[in-house]
Amino acid sequence: MKVLISGASVAGPVLAHWLHRYGFESTLVERTPAGRHGLGGHAVDLFSSAADITRRMGCWDAIEAARTQLDAMTIERFGRRPVEVDLSRMYAGISSRHVEILRGELTRILYGATRDTAEYVFGDSIASLHDDGAGVDVVFESGTERRFDLVIGADGMHSTVRRLVFGPEQPLHRSLGGYLAVFSMPDVFGLGNHTLSHFSVGKLVGIYGVHQTGQVRAGFLFRAPELQYDYRDKDQQKALLAKEFQDYGWKVPQLLEHLEQAEDFYFDSIAQITLDTWHRGRIGLVGDAGYCPGPAVGGGTSLAVMAAYVLAGELAAARSDLPSGLRNYERIIRPVVEQSRRFAPKVMRTIIPASPLALRLMPAAAAALPKLPTAVQRFIWSQNAVGKALSSVPLPDYSDLVQPQSGQSVA
């Protein structure tokens, strides 16, 4: 069975790994050139269930070594005393199997784990798809034509596969009323493993150290009515960010001095993708391409890892009837997706204060939580939506479907 996967960030490589284990052949096509692949991105969380999957993939040691290693955060607000937060205790309170890692680092590790068992095509994208019921004929933007048994879109919120098969993005795009921007810059503040955050009503600015490079990552979150911009036009996006924060004060003028030169700049709306179904014939969607719960607020990275694992297993179980595998995958993962969608707006309200009262209360709550006993913290996390949705999801066991590799017995 030959499967084409569009997108090589997180869901794509995880899917390719497990498909290989089950005896499929995967080709991943990625619009980003090889030399740019894996650069940039904000810090993301791998909660327990997703962390377990990467452990089974043999990636856990590399992921732990690449974790952000941030140990403390200082929260500042205009006219108020700074609040100190113990991040190491906070992360321990979420789960003993939780890790925070830069998205680009995770992409790099997943690529390294799959590049010898899957075909990667960088600097290209899908131009057209034709599903005749027995397979899918694909024309690439480079002009290459190939045929596959199945095509999966793992190409993010602005998915090309989704646009070609399910139609334009706009009717499926549900804005949560916010925007996220991230870029790297020199550590002019000497942060090391420390995080600086500054809050005002409707805005958050964070600066945190990247131990792998000695640089810092500057992140901006802000509330705004829906903006009109080209999601591929980085210059236009930089101008929007600079205009939004031009009078902010604090350390923002120093941050914006490095904006123009930033090569790993990321900007996008905090929005959800809502579809009634994530498959059509022999074409399906996984991760943000099908059901983005909201960048930075919805746990989309953990959701993508878990969904890719389930998708591969259900395709392997339904080997002779791939559309049936797509249907079963959707049935299993939909409840997790719906929980993620529900908690994303709540997280959005929490991390970007919408009122002066929220601005007063949020830092105090953030500082108090890590001071509670670890068992109490974990109980609190287990009662909120993110804990329920992504920290303890019972995943199917597909170990009996694993195919022997290179003469080895099945583990």
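What you see is a predicted model, and the numbers here were worked out from it, not measured in a lab.
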Within a strict 4.5 Å, meaning less than it, do heavy atoms of the [X] and [Y] side chains meet?
X	Y	answer
I351	L221	yes
C59	H17	no
L28	L4	no
V336	M306	yes
F220	L241	yes
S6	I152	no
E330	T277	yes
L303	P293	yes

Which pairs would a plain distance check flag for residues 250-262, meaning a side-chain donor or acceptor within less than 3.5 Å of a matching protein atom at least two apart in sequence or in another chain?
from : atom 1 : to  : atom 2 : distance (Å)
W250 : NE1    : E76 : OE1    : 2.7

- Task: Take atom CD of E263 as the centre, draw a 6.0 Å sphere, and report whether it contains more than 12 heavy atoms from other residues, nucleotides or ligands.
- Result: no
Check [X] against [Y] and note the closest heavy-atom contact, atom names and distance.
X	Y	result
P345	L176	CG-CD2, 4.1 Å
S159	L285	OG-CD2, 4.2 Å
D400	D397	OD1-O, 4.1 Å
L70	G209	CD2-O, 3.6 Å
A271	C292	O-SG, 3.5 Å
L180	A296	CD2-CB, 3.9 Å

Any Lys/Arg nitrogen of [X] or [Y] sitting under 4.0 Å from an Asp/Glu carboxylate oxygen of the other?
X	Y	result
E338	R341	no
E105	R67	no
D137	R147	yes

Any donor-acceptor N/O pair, [X] side chain to [Y] backbone, under 3.5 Å:
X	Y	answer
Y179	L227	yes
D187	G192	yes
R282	G133	yes
Q212	A66	yes
R162	M157	yes
Y291	G300	no
D124	S142	yes
R319	Y22	yes
R77	L359	yes
S302	F47	yes

Drop me the distance from [X]'s [atom1] to [Y]'s [atom2], to the nearest 0.5 angstrom.
X	Y	atom1	atom2	result
Q272	L172	CD	CG	12.5 Å
L322	L150	CG	CG	5.5 Å
T301	I101	OG1	CD1	10.0 Å
D264	R217	CG	CZ	5.0 Å
I332	R327	CD1	CZ	13.0 Å
Q403	R21	CD	CZ	10.5 Å

- Start with the C-alpha gap between V10 and L106, add the side-chain angles, then the distance that decides, and say whether side-chain contact (heavy atoms from CB on, under 4.5 Å) holds. CA-CA 7 Å; V10 175; L106 180 59; 4.0 Å; yes
- Query: Under the side chain to side chain donor-acceptor pair (under 3.5 Å) criterion, do T274 and R174 qualify, and how do the steps go?
  - Reply: CA-CA 7 Å; T274 57; R174 177 194 171 203; over 6 Å; no
For [Y], does the six-membered ring have the charged nitrogen or CZ of [X] within the cation-pi criterion, i.e. under 6.0 angstrom from the centroid and within 45° of the normal?
X	Y	answer
R334	W278	yes
K238	F265	yes
K203	F245	yes

- Message: Would F140 and V29 count as a side-chain contact (heavy atoms from CB on, under 4.5 Å) here? Give the steps.
- Response: CA-CA 9 Å; F140 294 88; V29 60; 4.1 Å; yes
- Note on the structure: Residues pairing under ring-ring contact (aromatic ring centres under 6.0 Å, His included) where one sits in residues 141-177, two or more places apart or in two chains, turn out to be H158-Y231
- Message: Strictly by ring-ring contact (aromatic ring centres under 6.0 Å, His included), give each pair with a member in residues 301-337 just once, sequence neighbours left out.
- Response: W18-Y309, Y309-Y398
- Message: Tell me if the aromatic rings of F78 and H198 count as close, with their centers under 6.0 Å from one another.
- Response: yes
- Message: Under the criterion side-chain contact (heavy atoms from CB on, under 4.5 Å), I'd like the reasoning laid out for F183 against V216: C-alpha separation, chi angles, the key distance, then a yes or no.
- Response: CA-CA 9 Å; F183 61 89; V216 296; over 6 Å; no
- Which is it for Y208 and F189 under the ring pair (Phe, Tyr, Trp, His ring centres under 6.0 Å) test, yes or no, and what are the steps along the way? CA-CA 10 Å; Y208 53 92; F189 307 106; over 10 Å; no
- Would you kindly say whether Y120 and T114 are connected by a side-chain donor-acceptor distance under 3.5 Å? yes
- Item | Test item: side-chain donor near acceptor, H37 and T107, under 3.5 Å | no
- Determine, stepwise, if the pair T32 / E30 fulfils side chain to side chain donor-acceptor pair (under 3.5 Å). CA-CA 5 Å; T32 306; E30 169 60 47; 2.8 Å; yes
- Message: Run the side-chain contact (heavy atoms from CB on, under 4.5 Å) test on V165 and L129 for me, step by step, so that the C-alpha distance in whole Å, both residues' side-chain angles and the decisive distance to 0.1 Å come before the verdict.
- Response: CA-CA 8 Å; V165 178; L129 296 165; 3.8 Å; yes
